[in-house]
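In what follows, chains carry the letters A, B, and so on, assigned in the order in which the sequence lines appear, proteins first and then strands, with residues in each chain numbered from 1.
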Protein chains: 2
Amino acid sequence: MNASANLDAVFAALADPTRRAILSRLAEGQASVNEIAAPFEISQPAVSRHLKVLERAGLIERGVDEQRRPARLKAENMAAAVDWLAEFRAFWGASFDQLDDVLAQMKQAEAKDAGHD
Amino acid sequence: MNASANLDAVFAALADPTRRAILSRLAEGQASVNEIAAPFEISQPAVSRHLKVLERAGLIERGVDEQRRPARLKAENMAAAVDWLAEFRAFWGASFDQLDDVLAQMKQAEAKDAGHD
DNA sequence: TTTATATATAACTATTATGTTATGGAACAT
DNA sequence: ATGTTCCATAACATAATAGTTATATATAAA
């Protein structure tokens with residue numbers, strides 16, 4: 001609901017390398033918990049909890065497939081994060097005039113939940 | 001040094017609303033610790049520690065001005081964060097074909113430290 | 001030299017995060 | 001019915017985070 005609290009959750013979720021790796025994995029397609037956990041050395045419950053963090057941040061969605069609870073990417077909140085970071089594009093050292101256009105499109109496309117911090 | 005560890009620090013730093021507000025403040029120009037602390041209800045030591053977190057994440061630099069240690073924005077690592085997030089632009093729901101061009105420019109502009117993740 | 005200002009650090013507390021192992025429960029297979 | 005697979009949750013240990021107050025340090029001013 002609160003945009004700032006949402007950004008808290010999104011950035012906090014992205015701060016963990018395991019969770020970023022999970023998101024990269026999900027960019028290739030949805031996957032079950034065991035499929036997601038396979039490449040990591042941590043336990044399955046630990047992965048389940050990472051998935052819960054990602055879900056609370058709105059970065060993934062869960063589904064139902066027999067016993068499985070596949071996770072799939074839901075990247076809109078990444079756009080919100082980029083949107084916040086875009087405030088600082090003038091400080092990135094390069095010329096990002098075009099980015100303004102892109103962000104304008106983004107705001108239009110996201111006209112669903114407008115307000116942002 | 002390590003790009004992934006760097007992203008850990010950057011995203012973790014961005015996960016706190018006080019720190020995001022500090023960065024927004026610094027986008028208007030460098031400021032001393034007391035100037036930065038003024039709008040907040042937390043103590044000065046707390047602000048000093050937030051600044052240390054931002055500095056370790058490479059998001060600010062400190063200067064010297066008599067007794068003051070002014071902080072100023074250093075946004076390159078924000079670009080690194082956006083760069084990572086850009087992997088997922090295809091999932092943002094809109095068409096961001098132009099973003100590819102922007103990112104290409106970004107990579108060129110950042111030809112200083114190339115490797116990411 | 002003493003005092004004031006600006007900031008950092010130390011010591012402490014409370015909360016949150018991340019991992020573990022053990023176990024529970026749902027859905028499927030036999 | 002029983003076992004197997006898949007996942008979640010409970011209970012716990014440890015570490016990191018974020019805040020506090022008290023104090024130290026550096027520079028400037030009187």
Side-chain angles (χ1 to χ4, degrees), chain A residues 2 4-23 25-26 29-74 77, chain B residues 2 4-26 29-74:
Chain A
N2 179 339
S4 184
N6 214 29
L7 282 178
D8 286 8
V10 170
F11 283 126
L14 294 174
D16 185 277
T18 299
R19 286 193 292 262
R20 287 199 306 278
I22 289 172
L23 291 172
R25 164 64 184 83
L26 293 179
Q30 71 168 34
S32 71
V33 174
N34 278 341
E35 287 169 345
I36 293 167
F40 300 105
E41 291 190 340
I42 62 178
S43 64
Q44 169 266 311
V47 171
S48 281
R49 289 174 47 158
H50 279 304
L51 292 174
K52 183 145 289 193
V53 171
L54 290 168
E55 191 179 11
R56 275 193 307 242
L59 292 171
I60 65 169
E61 285 175 334
R62 309 301 301 272
V64 173
D65 171 28
E66 303 196 335
Q67 306 120 312
R68 268 145 258 127
R69 297 291 177 270
R72 57 177 166 277
L73 203 56
K74 188 186 155 205
N77 280 355
Chain B
N2 179 341
S4 183
N6 214 29
L7 282 179
D8 285 9
V10 169
F11 283 126
L14 294 174
D16 185 278
T18 299
R19 285 194 291 264
R20 287 199 306 277
I22 290 173
L23 291 172
S24 291
R25 164 65 185 82
L26 293 179
Q30 70 168 35
S32 71
V33 173
N34 279 340
E35 287 169 345
I36 293 168
F40 299 106
E41 292 189 341
I42 61 178
S43 64
Q44 169 265 312
V47 172
S48 280
R49 288 175 45 162
H50 279 305
L51 291 174
K52 183 144 290 192
V53 171
L54 290 168
E55 193 179 8
R56 274 194 305 243
L59 293 171
I60 65 169
E61 284 174 333
R62 309 302 299 272
V64 173
D65 170 27
E66 304 197 333
Q67 305 119 313
R68 267 146 259 126
R69 298 291 178 269
R72 57 178 166 279
L73 203 58
K74 189 185 154 207

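- One distance of note links CG of B/Leu23 with CG of B/Asp16; it measures 10.0 Å at 0.5 Å rounding.
- For DNA chain C, the span of nucleotides reached by chain B at under 4.0 Å from its heavy atoms goes, 5' to 3', from C/dT5 to C/dA11.
- Of all the residues in residues 58-67 of chain B, B/Arg62, B/Gln67 reach under 4.0 Å from DNA chain C with at least one non-hydrogen atom.
- A side-chain contact (heavy atoms from CB on, under 4.5 Å) with B/Ile22 holds for exactly one of B/Leu54, B/Ile60, B/Leu73; it is B/Leu54.
- Using a distance-only test at 3.5 Å, with no hydrogens or angles considered, a donor-acceptor pair links the side chain of A/Asn77 to the main chain of A/Ala57.
- Residues passing the side chain to side chain contact (heavy atoms under 4.5 Å, CB included) test with B/Glu35 are B/Arg25, B/Ala31, B/Ser32, sequence neighbours excluded.
- DNA chain C lies under 4.0 Å from at least one heavy atom of each of the following residues of residues 31-38 of chain B: B/Ser32, B/Val33, B/Asn34.
- Two residues are said to be in side-chain contact when any heavy atoms from C-beta on lie closer than 4.5 Å; B/Gln44 and B/Ser48 meet this criterion.
- Listed by chain and number, the residues in a side chain to side chain contact (heavy atoms under 4.5 Å, CB included) with A/Val53 are A/Ala13, A/Arg19, A/Arg56 (sequence neighbours excluded).
- Using a 4.5 Å heavy-atom cutoff, the side chains of B/Arg68 and B/Asn34 are not in contact.
- The main-chain N or O of A/Leu14 is found under 3.5 Å from a side-chain atom of A/Arg20 such that the two form a donor-acceptor pair.
- Between the side chain of A/Arg69 and the backbone N or O of A/Arg62 there is no donor-acceptor pair closer than 3.5 Å.
- B/Leu26 is not listed as a side-chain neighbour of B/Leu59, based on a closest heavy-atom distance of 4.5 Å or more.
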Which letters describe nucleotides 16-22 of chain D, given B = protein heavy atom under 4.0 Å from base, S = only from sugar-phosphate, - = neither?
--BBBBB
Set out, in order, the CA-CA distance, both residues' side-chain angles and the distance that settles side-chain contact (heavy atoms from CB on, under 4.5 Å) for A/Asp65 and A/Gln30, then state yes or no.
CA-CA 11 Å; A/Asp65 171 28; A/Gln30 71 168 34; 5.8 Å; no
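- Put simply, the side chain of B/His50 reaches to within 4.5 Å of the side chain of B/Ile42, judged on heavy atoms.
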